[in-house]
Amino acid sequence: MIELAAVDVVFYPGTPDERTALDRLDLTLENGSFCVVVGTNGAGKSTLLNVLAGAVRPRTGRTVIDGTAVSSWPVHRRAQWVSRVFQDPMVGTAPALSIEENLAFAAMRGRRRGLRMALNPRNRAHFRDELARFGLGLENRMGAAAGLLSGGQRQVLALLMAALNRPRILLLDEHTAALDPRTAQLVMEATRRIVAEQRLTTLMITHNMAHALEYGDRLLMMECGRIKLDIGRDEKPRLTINDLVQRFGQADDQILLQASA
């Protein structure tokens, strides 16, 4: 279970640019929950993920992962428990390393052993089997440098790397926003499969209202650093895009544009 209690994040405190990013936010995620987060720009979505990842330390509040208080833990200490896929496909992989080396690096995340220890025949066979399930032929290019892959292929690799060790929580930060529609759909279906098969507790940010409705079992709408709406698994399947826009209230142009797409 993931718990955030009374989390406050303020940027540039005591200056004319002071801004509250999270306003005494409370959130509990049950194990295995796939929670989708939507909201306008500046609503606090990415800050929420940064707090869970340890990249931002709140001014006040508490972060607990499976009963362990991790509020003071930095990013590297949470790395074995928290995995993240970013919007930019170039962020989640090392371009100079091969596909199999990237996966071996992910397999050793949070451990002391070197990369060579992870590149054994058993792991190579596992990497190949997992890559084959995406249908992109990457299992036949294990020795190719990740920098030679397309953006969609690199995002698939980043997703597999993030989920390889079954993290306590998987953070998806608009991970299909930079992809073309066909590739985005492929990555989303891969996301659905991986999350379901591994029962990963997942928090996904998206501006795509269709994705917000189709994927996940819970939907949060954020505004001004707070959770404005919390829609559970029973109600979510009955919602339409128009319902979302209407319930959100004064949605900005970006939300309305995505809703009409």
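Residues take their numbers from the sequence shown, with the count starting at 1. Since the model is a prediction, treat every value here as computed from it, not as a measurement.
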Quiz item: Do any pairs count as a salt bridge (Lys or Arg N to Asp or Glu O under 4.0 Å) and have a residue in residues 47-70, sequence neighbours left out, and if so which ones?
Solution: D8-R59, D66-R168

Quiz item: What residue pairs, at least two apart or across chains, pass salt bridge (Lys or Arg N to Asp or Glu O under 4.0 Å) with a residue in residues 84-93?
Solution: R84-D173

Quiz prompt | Cation-pi geometry met for R78 and W81 (6.0 Å, 45°) | solution = no

Which atom of [X] lies closest to which atom of [Y], heavy atoms considered:
{"X": "L159", "Y": "T191", "result": "CD2-OG1, 3.4 Å"}
{"X": "G44", "Y": "L22", "result": "O-CD2, 3.6 Å"}
{"X": "A158", "Y": "V85", "result": "O-CG2, 4.0 Å"}
{"X": "V38", "Y": "A212", "result": "CG1-CB, 3.7 Å"}

Practice problem: Could you tell me whether D217 and K236 have a side-chain N and a carboxylate O separated by less than 4.0 Å? | Solution: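 The answer is no: the pair does not qualify as a salt bridge.
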
Practice problem: State which residue, out of L138, I99, L131, fulfils the side chain to side chain contact (heavy atoms under 4.5 Å, CB included) condition with L160. | Solution: L131

Side-chain heavy atoms of [X] within contact of [Y], under 4.5 Å:
{"X": "H126", "Y": "L164", "answer": "yes"}
{"X": "L220", "Y": "L229", "answer": "no"}
{"X": "M222", "Y": "L48", "answer": "yes"}

Quiz prompt | From CA spacing to verdict: side-chain hydrogen bond (donor to acceptor under 3.5 Å, both in side chains), H175, Q87 | solution = CA-CA 4 Å; H175 69 308; Q87 179 177 340; over 6 Å; no

